[in-house]
Amino acid sequence: MPNIRVLRDIKARHGVNANEITRRAYLYVARNQTLPASVRYQAQLQLNTFGRYTRPTTVKNRCHESGRGRGIIGEFALSRYQFRMKALAGELPGVVKASW
């Protein structure tokens, strides 16, 4: 059973994917200096109506095995410890222990 942080991150990822295009459109209008201030203000108000989990900054890289949020190796989506355990067990193709 994943912990609440993992579930929250999954929810945030779905929210970001569902609303990315409209958020970017409103951001473009709100930041466009050539448009009238009233139009830009309305776009900013629309941006404020979006939920918390529609912002890309709420998405955090987490370990797929343990849910840990720190020390993530992005290519494998595993924490350092899980990466080490899987690499030693030979479960990661192409990863071998270095020796020189």
Side-chain angles (χ1 to χ4, degrees):
M1 173 81 181
N3 62 17
I4 190 68
R5 291 186 182 104
V6 174
L7 295 176
R8 188 181 307 140
D9 189 58
I10 291 170
K11 181 180 177 182
R13 286 178 191 273
H14 288 301
V16 168
N17 288 338
N19 297 303
E20 181 180 9
I21 295 171
T22 54
R23 275 187 58 84
R24 288 194 186 248
Y26 283 131
L27 274 171
Y28 176 77
V29 171
R31 293 177 180 168
N32 191 348
Q33 297 284 330
T34 60
L35 294 174
S38 61
V39 173
R40 294 175 56 213
Y41 180 69
Q42 289 299 321
Q44 188 63 46
L45 289 178
Q46 289 296 322
L47 275 172
N48 291 341
T49 62
F50 281 107
R52 170 190 223 170
Y53 296 122
T54 59
R55 284 175 269 164
T57 55
T58 60
V59 174
K60 182 164 177 61
N61 287 335
R62 291 200 168 270
C63 176
H64 282 272
E65 295 291 319
S66 63
R68 183 174 164 85
R70 302 179 107 186
I72 304 301
I73 299 173
E75 188 174 337
F76 298 95
L78 295 171
S79 65
R80 298 170 307 187
Y81 182 72
Q82 293 294 328
F83 177 81
R84 184 173 190 273
M85 292 294 114
K86 286 188 173 286
L88 290 176
E91 298 175 11
L92 298 175
V95 178
V96 292
K97 187 173 180 186
S99 60
W100 60 88

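Because only heavy atoms are used, hydrogens play no part in the values below, and waters and symmetry mates are left out as well, while side chains stay in. Quick caveat: nothing in here was measured; it's all calculated off a predicted structure.
To the nearest 0.5 Å, atom CZ of residue Arg52 and atom NZ of residue Lys11 are 9.0 Å apart. Taken to the nearest 0.5 Å, the OH atom of Tyr28 stands 7.5 Å off from the CG atom of Leu35. To the nearest 0.5 Å, the span separating CD1 on Ile10 from CZ on Arg62 amounts to 10.5 Å.
Through direct or indirect side-chain contacts shorter than 4.5 Å among Ile, Leu, Val, Met, Phe, Trp and Tyr, Leu88 is connected to no other residue. Cluster partners of Phe83, by chain and number: Ile73, Phe76, Leu78, Leu92, Val95. The rule joins Ile, Leu, Val, Met, Phe, Trp and Tyr whenever side-chain heavy atoms lie under 4.5 Å apart.
Summarising the local packing, CZ of Arg84 is surrounded by 12 or fewer heavy atoms from other residues, nucleotides or ligands at distances under 6.0 Å. For Tyr41, the OH atom is loosely surrounded, since the number of other residues' heavy atoms within 6.0 Å does not exceed 12. The number of heavy atoms from other shown groups lying within 6.0 Å of CD (Glu75) does not exceed 12.
Residues Thr58 and Asp9 share a closest heavy-atom pair of O-OD1, 4.2 Å. In plain terms, the two heavy atoms of Ala30 and Gln44 that are nearest each other are CB-OE1, 3.8 Å. The two atoms that bring Ala43 and Val29 nearest to each other are CB-CG1, 3.6 Å, heavy atoms only. Arg40 approaches Arg31 most closely through the heavy-atom pair NE-C, 4.5 Å.
Of the possible polar contacts, one joining the Asn17 side chain to the Arg13 backbone as a donor-acceptor pair under 3.5 Å is found.
You'll find the side chain of Tyr53 stays beyond 4.5 Å of the side chain of His14, heavy atoms only. Under the 4.5 Å side-chain criterion, counting only non-hydrogen atoms from C-beta, Gln82 is not in contact with His64.
Each of Arg70, Arg68, Met85 was scored for a side chain to side chain contact (heavy atoms under 4.5 Å, CB included) with Ser79, with one residue passing: Arg68.
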